[in-house]
Amino acid sequence: MAAQVTPQSEDFSRWYNDIVYRADLAAQSPVRGSVIIKPYGYELWEGIRDALDLRFKATGHRNAYFPLLIPESYLRREAEHVEGFSPELAVVTHAGGKKLEEALVIRPTSETIIGEAFSEWIQSWRDLPLLINQWSNVVRWELRTRPFLRTSEFLWQEGHTAHATDDEAEAETLQMLEIYADVAINEAAIPVISGRKSNIERFAGALRTYTIEAMMGDKRALQAGTSHNLGQNFAHAFDIRYLDENNQQQLCWTTSWGLSTRMVGAVVMAHGDDTGLRLPPRLAPWQVVIVPITRGDEERETVHASAQALKEELDDAGIRTHLDAREGLRPGFKFNDWELRGVPLRLELGPRDVASNSVVLARRDIPGREGKTSVARSGLTQAVVEGLQAIQSNMLNAATTFRDDNIHDARDYADLREIIEAGGWARGYWAGDDDDERRVKDETGATIRCFPFDQADDRGPCLLTDAGDGEIALFARAY
RNA sequence: CGGGGCGUGGCGCAGCCCGGUAGCGCGCUUGCAUGGGGUGCAAGAGGCCCCCGGUUCGAAUCCGGGCGCCCCGACCA
């Protein structure tokens, strides 16, 4: 802990790893590509999880839980799906000391086993829409892993729904993406861009995939959540049918959508600085930390009593507060320690403050003395509430400015190459086909992150092929 | 899968070339002092040196084989 973290400017990747381990979000595990999520990291995930779960339930979804192990044959029922996931499957071939009749796949995602269940659950149009979510772990044997951003096993939620019509399925797909964007922007303070994925970035087996794309501190893109309109592909593969009002058999239209612990990595990478994590107040496991400062035994008691009273007052106001009563550590050490851990607001309480009936507030988003103010004890709770709100919006504003400053318009391919080479995101009209897109990727390292919704009507000549009806696309190198 | 690195107290490493007592920093325990920006002193605890085999009187060290993890690229939430 005494050591500094690697500066972002020196090596962003190493900075990220340093932060994840030093801030106690995660620890390495004995298993390749899998991490132990430690309490602080898990609490951050819980904040994201709770924010999502609340919104899922408010929109009529119910949680359920499906098996971890899926019969191998299920994956094969949807051609594109099996092709997409085969290379990264972990497969159980033996159990109970015997070779299994049919191998079981550890779910990489649950469209298949849930599709199979849906085909039994759905009989009538009255059973629709069926709106299910599950919180679970999944395993994808990735070649290259990074804590939170890409691990062999990760936690996520996967929503699966079935509808009577194409329109309803599309509306559901978009609604869930909006929920993701809402959580990203208003809880995580990450100004994501919502849009549609290109063909080659589409989910294996989907008709259309929508995404929220986030810009990290090194200007690389991170797909932070996706929502898929599966059309009738899975309904067909798993025979998900219903009898309509006219007594006719109809195929359902299904969707799926997921957001994972990758979002924890997004929070780290979008907001962190060389001092450590910076957590948005709404998601911070501890929004406020109180550091008591004492000299000698007689002061210790009064200061600690005062600090304890302060904590209780903030607790009662619904503010997640931690009192750092560790003995034997100097205040300076604690200041640095909590800055590393990204706690938004620190309260310093010493004999001087007790004597003057005040408390020093230090904001994590404003470094050094600049971020410190002394407030009267009587107005403290209000000052804390306002401070947390100010930090939350300041973080979103800063991230938004950073994002917008690093997105540049590309009129032609030369522009695009230059922008990508300089490390930004390029925005331009696109009407190319899959091969054109692969070419851009091969030559620049950038992929189409999405066709943004908010510029969907803007059309023009393709930056690569010069065809006249290109949509606005965002290009970037991604994690 | 290609390239690189590394396996030695909890963590980070040195020792290995040149074989012979297992060492340093941090952390941990106890005590005293200290305390408004990364504490000081003192005394302690803690190690199948990744595994298997070989060479040798003797292996962390030399030789052979294996295993594992991390980092960098291509595939992906």
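Per chain, numbering begins at 1; letters A, B, ... match sequence-line order.
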Using atom C1' of each nucleotide, how far apart are B/C50 and B/C69 to the nearest Å? 10 Å
With a 3.5 Å limit on both atom pairs, tell me what B/A74 is paired to, counting Watson-Crick and G-U wobble, or say none. none
If you look at every strand shown and take non-hydrogen atoms under 4.0 Å, does A/G258 touch a base, only sugar-phosphate, or nothing? nothing
Write down the distance between CZ (A/R22) and C1' (B/G38), rounded to a whole number of angstrom. 13 Å
Are A/Y210 and A/H228, when compared by the centres of their aromatic rings, separated by less than 6.0 Å? no
Knowing that exactly one of A/W430, A/F451, A/W425 qualifies, which makes a ring-ring contact (aromatic ring centres under 6.0 Å, His included) with A/F475? A/W430
d(CD, A/E299; P, B/U34) in whole Å: 11 Å
Using a cut-off of less than 4.0 Å, is there contact between a side-chain N or O of A/K197 and OP1 or OP2 of B/A77? no
Does A/I407 reach the side chain of A/L474, with side-chain heavy atoms less than 4.5 Å apart? yes
Categorize A/G328 for me: base, sugar-phosphate, or nothing, with a 4.0 angstrom heavy-atom threshold over every strand shown. base
With heavy atoms under 4.0 Å as the rule, sort A/T447 into base, sugar-phosphate or nothing. nothing
How far does the P atom of B/G27 sit from the matching atom of B/G19, given to the nearest Å? 37 Å
Rounded to the nearest angstrom, tell me the gap between atom CZ in A/R438 and atom P in B/C75. 11 Å
Would you list the protein and nucleotides 7-9 of chain B atom pairs, both N or O, that sit under 3.5 Å from each other?
none

Is there a donor on the side chain of A/R369 or the base of B/G37 sitting less than 3.5 Å from an acceptor on the other? no
Euclidean distance, atom CD1 of residue A/I293 to atom P of B/G36 [Å, nearest integer]: 7 Å
Is it the case that more than 12 heavy atoms not belonging to A/E301 sit under 6.0 Å from its CD atom? no
So which one's nearest nucleotide on RNA chain B is more toward 5', A/F148 or A/V360? A/V360
Would A/Y479 and A/Q223 count as having a side-chain donor-acceptor pair, cut-off 3.5 Å? no
What's the CZ-P distance between A/R326 and B/G38, to the nearest Å? 15 Å
Salt-bridge criterion met for A/D435 and A/R438 (N-O under 4.0 Å): yes
Sticking with atom C1', work out how far B/A22 lies from B/C67, rounded to a whole angstrom. 25 Å
Give the nucleotide from the list B/A77, B/G36, B/G38 with an atom nearest to the side chain of A/P331. B/G36
With a 4.0 Å cut-off on N to O distance, would you call A/D273 and A/R364 a salt bridge? yes
Under 3.5 Å, which protein N or O atoms sit close to an N or O of nucleotides 68-73 of chain B? Give each pair with its distance.
{"unit_1": "B/C69", "atom_1": "OP1", "unit_2": "A/R32", "atom_2": "N", "d": "2.9"}
{"unit_1": "B/C70", "atom_1": "OP1", "unit_2": "A/G33", "atom_2": "N", "d": "3.4"}
{"unit_1": "B/C71", "atom_1": "OP1", "unit_2": "A/N17", "atom_2": "ND2", "d": "3.4"}
{"unit_1": "B/C72", "atom_1": "OP1", "unit_2": "A/S13", "atom_2": "OG", "d": "2.7"}
{"unit_1": "B/C72", "atom_1": "OP2", "unit_2": "A/R144", "atom_2": "NH1", "d": "2.8"}
{"unit_1": "B/C72", "atom_1": "OP2", "unit_2": "A/R144", "atom_2": "NH2", "d": "2.2"}
{"unit_1": "B/C72", "atom_1": "O5'", "unit_2": "A/R144", "atom_2": "NH2", "d": "3.2"}
{"unit_1": "B/G73", "atom_1": "OP2", "unit_2": "A/R144", "atom_2": "NH2", "d": "3.3"}

To the nearest angstrom, how far is A/K441 atom NZ from B/A74 atom P? 7 Å
Tell which nucleotide pairs with B/C24, taking only Watson-Crick or G-U wobble pairs whose two distances are both under 3.5 angstrom. B/G12
B/U29 versus B/G65 - spacing of their C1' atoms, nearest Å: 43 Å
Between A/H160 and A/F66 (judged by ring centroids, cut-off 6.0 Å), do the two rings come close enough to count as a pair? no
Within the 4.0 Å heavy-atom criterion, would you say A/L259 contacts the bases, only the backbone, or no part of the nucleic acid? nothing
Show your reasoning for whether side-chain contact (heavy atoms from CB on, under 4.5 Å) applies to A/W257 and A/E172. CA-CA 10 Å; A/W257 23 277; A/E172 166 76 6; 3.5 Å; yes
Other residues, nucleotides and ligands only: do more than 12 of their heavy atoms fall within 6.0 Å of CD on A/Q175? yes
P atoms of B/C1 and B/G53, separation to the nearest Å: 28 Å
Figure out the CG/P separation between A/L349 and B/G37, and round it to whole Å. 15 Å
Do A/D337 side-chain and B/G38 base share a donor-acceptor contact under 3.5 Å? no
Nearest to the side chain of A/R140, heavy atoms from C-beta on, is which of B/G36, B/A77, B/G38? B/A77
Rounding to an integer number of angstrom, what distance separates B/G68 and B/C49 when you compare their C1' atoms? 16 Å
Is the NZ or CZ atom of A/R140 positioned over A/W156's six-membered ring, under 6.0 angstrom from the centre and within 45° of the axis? yes
Closest-nucleotide mapping onto RNA chain B: is A/R202 or A/G445 further toward the 5' terminus? I mean the 5' end. A/G445
Side-chain donor/acceptor contact of A/R352 with base of B/G36 under 3.5 Å: yes
Quick one: look up who B/A43 pairs with, Watson-Crick or G-U, both distances under 3.5 Å, and put none if it's unpaired. B/U29
Ignoring hydrogens and angles, does a donor from either the side chain of A/K372 or the base of B/G37 sit under 3.5 Å from an acceptor on the other? yes
When we call it a touch if two heavy atoms are under 4.0 Å apart, what does A/L329 touch: a base, just sugar-phosphate, or nothing? base
Smallest separation among heavy atoms of A/V440 and A/T444, with atom names: O-OG1, 2.6 Å
Between atom CD of A/E313 and atom CD of A/Q308, what is the distance when rounded to the nearest 0.5 Å? 12.5 Å
Pick the P atom in B/C24 and in B/G5, then give their distance to the nearest Å. 29 Å
Could you state the atom-to-atom distance from CH2 of A/W338 to C1' of B/G38 in whole Å? 15 Å
Residue A/F333, side-chain heavy atoms: nucleotide from B/G37, B/U39, B/G36 that is nearest: B/U39
Name the nucleic acid region contacted by A/E142, choosing base, sugar-phosphate or nothing; use a 4.0 angstrom heavy-atom cut-off, strictly under. base
Roughly how many Å apart are B/C52 and B/A59, using the C1' atom of each and rounding to a whole number? 15 Å
